[in-house]
2 protein chains.
Amino acid sequence: MPANTREKSTAEILNEHSVAMSVDCVVFGYDDTDGDLKVLLIKSETKEFKDQWSLLGDLVLPTESLNTAATRILKKRTGIEKVYLEQVEAFSAPDRHPAGRVVTIAYYSLIKIEDYELNVEKLDLEAQWHSLRKIKKLAFDHKDILKICIKRLRRGLQESPVGFSMLPNKFSLKQLQNLYEAVLGIELDRRNFRRKLRNNDILIELGETQKSVTHRPAELYAFDKKKYKKLLAEGKRFSIP
Amino acid sequence: MPANTREKSTAEILNEHSVAMSVDCVVFGYDDTDGDLKVLLIKSETKEFKDQWSLLGDLVLPTESLNTAATRILKKRTGIEKVYLEQVEAFSAPDRHPAGRVVTIAYYSLIKIEDYELNVEKLDLEAQWHSLRKIKKLAFDHKDILKICIKRLRRGLQESPVGFSMLPNKFSLKQLQNLYEAVLGIELDRRNFRRKLRNNDILIELGETQKSVTHRPAELYAFDKKKYKKLLAEGKRFSIP
DNA sequence: AAAACTTTGTGTCATTATGACACATTTGAA
DNA sequence: TTCAAATGTGTCATAATGACACAAAGTTTT
């Protein structure tokens, strides 16, 4: 790709074209206690955005891939190693960072809030969950990034079974529906939702029921990866609604 | 995002984390004469990939956004200014470029082959069209990039009316169907395809017909942006099939 | 001039997916 | 025992889809 020149070496040219790169992660979690989709945020460490909340990000090291950087950031900020992670988009407005040129690659990631909470004390984690609908302003262009990431999450949720990454391993269909409603921002008919799930056949009924509820307890299910692969192998696609 | 430190300035830190960035464009065109989806390629200018074909790319300048870089590359390589352009994904394997660290952002772009051909002589353009199904090997990781871009194009084609960017302003439904079949790699039923188009109501019948064909001439249509906006405003989505 | 050829253009029908909706079931609490 | 508050299931009308056959408009051939 470098233009042909007589004077400069390729290495010099690369060096002259260098810019700082960062990775910013939108970490989604679903809180069934209040039915809100939440995002992990930290207080910005950049003085220009003092006291403002920001996404979880860091500069990319010169020798690591972007996925590695994203994984590293998530490990550092949540203590969790294996997370659902998806690259979303590069944000590159030349003036997006006050200290200089920084191109950032946005990722979104899905974790179980309970997994994070387990690590908070042990690892002295500082990120906090914020309800999506309450987030007004963020540092840098992080609000834009968040917006795009939500779009992507919505799409993902409708055409692949990613939602389970935000639920406990055992969950009720009601919880699953709540999650879909929270993310998509629409109401779903319980009966139609359940029918759809039944037709897709990607869940396994655990034979257990919800405990300590003051009404009829719900059946608990788990996502069955094998069933899902089988569905894909048959050329079918998971889709909601 | 930069870590807090006592010694180094933020500018220094950014500098130490700098890497070269490039933009690589997959330029798609549809050739109705042979029914093939094609891609513009040039001979690689990097000595390690001498005589190999490569995507249209360049290093990103320190002050331009990625979209600006992509537009600049397309202008230079095709002479066309207003093109359909979509950012796809960042490719960041640390060893993907032999001369050093270069993270590349892939774009795909749709143009009319005829528009390109109009400029070839005038601007002495060197890129050439290659049938997708004949491309075996490309420089760098460009084959991987191409693969991902095709996926994205397929998705785009099914859920938004982007195909028209690769057709002449006046086209027959047969041409449109050929394009869909070429891109998606599947056969479509003519009657069902036309019904779908009719239901989406985004075309305008021009009242003209195909000329100099040895059989019944086809009606010519144009894509109607207003109709499409109206469709979206009604909350409906364009989809094929 | 008529017949043959080639491709465009349209309609029907069975099947499947969707959206709207009502009632029975299971638990704990009163 | 009854009540309250959920979970869980079935039906029906409508819309979307896939499979399919025949008529229409040109050109070429005879």
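Predicted model, so just to flag it, every value in this text is computed and none were measured. We name chains A, B, ... by the order of the sequence lines, and we start the count at 1 in each one.
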* Does a side chain donor of either B:Tyr30 or B:Asp32 reach within less than 3.5 Å of an acceptor in the other side chain? ->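 A donor-acceptor contact under 3.5 Å links the two side chains.
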* Asked: Under 3.5 Å, is there a donor-acceptor pair linking the side chains of A:Ser22 and A:Thr104?
  ->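 Side-chain D/A pair, A:Ser22 to A:Thr104: present.
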Nearest-angstrom distance from the residue atom [atom1] of [X] to [atom2] of [N]:
X        : N      : atom1 : atom2 : result
B:Asp189 : C:dT8  : CG    : C1'   : 14 Å
B:Asn192 : C:dG9  : CG    : C1'   : 14 Å
A:Arg190 : C:dA22 : CZ    : C1'   : 11 Å
B:Asn178 : C:dT8  : CG    : C1'   : 13 Å
A:Lys211 : C:dT27 : NZ    : C1'   : 11 Å

* To do: Give the ring-plane orientation class for A:Trp129 versus A:Tyr116, where under 30° counts as parallel, over 60° as perpendicular and anything between as tilted.
  =>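 Ring orientation, 0 to 90° scale: perpendicular.
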* Which class fits the ring pair B:Tyr108 and B:Phe28: parallel under 30°, tilted 30 to 60°, perpendicular over 60°? ->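 Plane angle over 60°, so perpendicular.
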* To do: Applying side chain to side chain donor-acceptor pair (under 3.5 Å), name anything that partners A:Arg198, two or more places apart in sequence or on another chain.
  =>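 A:Arg198 satisfies side chain to side chain donor-acceptor pair (under 3.5 Å) with no residue once adjacent residues are dropped.
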* **Side-chain N or O of B:Lys174 closer than 4.0 Å to phosphate OP1/OP2 of C:dT7** =>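 For C:dT7, neither OP1 nor OP2 has a side-chain N or O of B:Lys174 closer than 4.0 Å.
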* Asked: Going by modelled atom types, is there a donor-acceptor pair between the base of C:dT25 and the side chain of A:Arg216 at under 3.5 Å?
  ->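 By the distance-only test, yes, there is a pair.
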* **Upstream residue (5' side of DNA chain D) when A:Glu219 and A:Arg195 are each assigned their closest nucleotide** =>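 Looking at the nearest nucleotide for each, A:Glu219 comes out on the 5' side.
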* Asked: More 5' along DNA chain C: B:Leu173 or A:Arg191, using each one's nearest nucleotide?
  ->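 Its nucleotide being nearer the 5' end, the pick is B:Leu173.
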* Using heavy atoms to find the nearest nucleotide of DNA chain C for B:Thr214 and B:Arg198 separately, return the residue whose nucleotide is more 5′. =>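 Result of the comparison: B:Thr214.
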* **First-last contacting nucleotides on DNA chain D - partner chain A, under 4.0 angstrom, heavy atom** =>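 The protein-touched segment is D:dA5 to D:dT11.
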* Taking A:Ser131 for its side chain and A:Arg133 for its backbone only, find out whether a donor-acceptor pair lies under 3.5 Å. =>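 Between the backbone of A:Arg133 and the side chain of A:Ser131 there is no qualifying donor-acceptor contact (under 3.5 Å).
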